[in-house]
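All of these numbers come straight from a predicted model, not from anything done at the bench. Excluded from the calculations below are hydrogen atoms, water molecules and symmetry mates; all remaining heavy atoms, backbone and side chain alike, are included.
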Amino acid sequence: MLGGRSVLARQGEVVRALGCERVICLTERFGEEILALQRMVEADGGEFHALRSGLQLPGIVRAEDELVVMLDGLVPQRDAVEAVVCAEGELVRGIVTLPASHPLAQAHPHAFERIDRDRSWAGVFVMRAAPVQQLADLPGDSATIPLLLRLALQAGTPCRALDTQALGEGDWLFATSHAGLAAREQAMVDSALVEAPWTGPGRALAQEIARRLAPRGLSAGPLLGSGAALVLLVLGAVLAGFGFGTTGLLLAVLGAFAGAWMEAAASLARGLLGGSRRRIPLRAMGAALDALAAAVLVCALLFGSEVTEPDIAEAALGPFAIGLARLAARERPPLERAFWEDRTVHLAVFASAAGLGVLAPVLALFGLVALVRLLLRQGRV
């Protein structure tokens with residue numbers, strides 16, 4: 001497993017991205033990961049075959065086909081593969097090579113076979129499929145991939161050197177150890193998240209928790225996080241409506257934090273799981289959570305325990321503060337934007353103010369500060 005998905009699934013995604021209409025998996029056993037790959041390919045409109053022997057290939061592959069061959073256990077980045085086997089968006093024939101002196105070739109000589117004195121196969125090649133028919137005349141116990149590599153060389157398939165930068169940055173990973181996979185997984189997690197500034201401590205903490213939990217629970221985590229955020233904010237509004245303003249706002253704090261965690265988990269799921277998972281509309285979800293936060297504030301101002309007589313004008317301070325915070329977060333430098341987006345911290349301050357009986361003045365002050373920032377940005381102050 002790598003980043004919440006199997007190495008095999010990632011290979012299937014790469015070859016499908018290259019335009020392969022059919023995916024053929026050579027395997028000695030048919031386990032759950034093979035069935036999962038089959039479901040993924042067929043759901044994407046492709047055709048899938050699982051074969052126990054390379055002798056079955058001549059009956060499946062047509063002479064006019066282009067055949068993409070990938071080494072078992074290789075985890076290349078899609079961009080790195082496309083850079084070496086595609087030209088102007090079209091697949092081109094070629095045997096991807098790396099220097100025979102490279103540590104990857106030196107450590108795994110049986111996997112990355114030497115082609116000549118200076119070069120070794122890098123784990124991917126694209127060949128004309130016609131020579132595959134010769135497999136029917138070869139011994140059945142022969143290793144299929146090495147035979148295909150030799151047939152490709154005999155057919156005059158050109159060699160294409162892999163960019164050494166891809167090798168150096170881990171874009172061409174051979175999954176042989178848990179340590180190597182863990183290092184690559186951490187790099188994927190780091191690249192999937194834009195570091196949240198600590199000027200928004202609530203969002204930064206939620207992101208750090210999501211980072212430490214990844215990739216566990218990413219398939220269902222964003223959906224659960226969004227559900228928890230909505231439920232907590234609705235419960236907060238209900239409690240505030242029944243006169244428990246401070247308690248309702250504390251639940252709203254938890255809801256806002258769940259929403260921040262959901263956003264970080266959704267970003268991680270997008271980066272690690274790609275398009276294989278349903279995406280949550282983050283912009284619409286953020287607007288819905290802010291609307292619920294404003295509703296909690298309205299209920300706390302109208303029906304809080306310290307309220308003797310509801311004041312509609314005072315209740316408008318809730319939407320006033322939340323709405324101006326959303327506007328203040330637009331097109332601001334990252335450090336300042338992080339503060340105005342951090343609804344967890346805002347609601348925690350408002351909950352403290354409600355406990356002290358000064359919620360309305362604090363909301364008014366908060367909204368006025370946001371308004372001044374907006375006017376300053378537009379040059380009107």
With side chain to side chain contact (heavy atoms under 4.5 Å, CB included) as the criterion, how do V362 and L356 come out once you've worked through the C-alpha distance, each side chain's angles and the decisive distance to 0.1 Å? CA-CA 11 Å; V362 169; L356 296 173; over 6 Å; no
Closest approach of P201 and D342, non-hydrogen atoms and distance? N-OD2, 3.0 Å
Where is the tightest heavy-atom contact between V298 and P319, given as atom of each residue plus distance? CG2-CD, 3.5 Å
Sidechain-backbone polar pair: [X] side chain, [Y] backbone, donor-acceptor under 3.5 Å:
{"X": "Q11", "Y": "L74", "result": "yes"}
{"X": "D65", "Y": "A129", "result": "no"}
{"X": "R160", "Y": "R93", "result": "yes"}
{"X": "Q133", "Y": "V61", "result": "yes"}
{"X": "E336", "Y": "P333", "result": "no"}
{"X": "T157", "Y": "I95", "result": "no"}
{"X": "S6", "Y": "A9", "result": "yes"}
{"X": "W172", "Y": "L162", "result": "no"}
{"X": "R373", "Y": "V369", "result": "no"}
{"X": "Q106", "Y": "A100", "result": "yes"}

Quick check: is [Y] connected to [X] through a chain of hydrophobic side chains (ILVMFWY, heavy atoms under 4.5 Å apart)?
{"X": "V296", "Y": "L250", "answer": "no"}
{"X": "L235", "Y": "F242", "answer": "yes"}
{"X": "L327", "Y": "L335", "answer": "no"}
{"X": "F244", "Y": "V231", "answer": "yes"}

Between atom [atom1] of [X] and atom [atom2] of [Y], what is the distance when rounded to the nearest 0.5 Å?
{"X": "F320", "Y": "L368", "atom1": "CZ", "atom2": "CG", "value": "5.0 Å"}
{"X": "L26", "Y": "H49", "atom1": "CG", "atom2": "NE2", "value": "12.0 Å"}
{"X": "L18", "Y": "M70", "atom1": "CG", "atom2": "CE", "value": "6.5 Å"}

Within 6.0 angstrom of E21 CD, more than 12 heavy atoms from elsewhere: no
More than 12 non-hydrogen atoms from neighbouring residues, nucleotides or ligands closer than 6.0 Å to CD on E90, yes or no? no
Verify side chain to side chain contact (heavy atoms under 4.5 Å, CB included) between L135 and L148, making sure each step is shown before the conclusion. CA-CA 8 Å; L135 290 177; L148 288 173; 3.9 Å; yes
Indicate the ring-plane relationship of F339 and F366, choosing parallel, tilted or perpendicular according to the 30° and 60° boundaries. tilted
I34 vs F48, side chain to side chain contact (heavy atoms under 4.5 Å, CB included): CA-CA, chis, key distance, verdict: CA-CA 10 Å; I34 303 296; F48 181 83; 4.0 Å; yes
R16 with E13: basic N within carboxylate O range, under 4.0 Å: no
Using side chain to side chain contact (heavy atoms under 4.5 Å, CB included), reason through V92 and V126 one step at a time and then give a plain yes or no. CA-CA 7 Å; V92 294; V126 182; over 6 Å; no
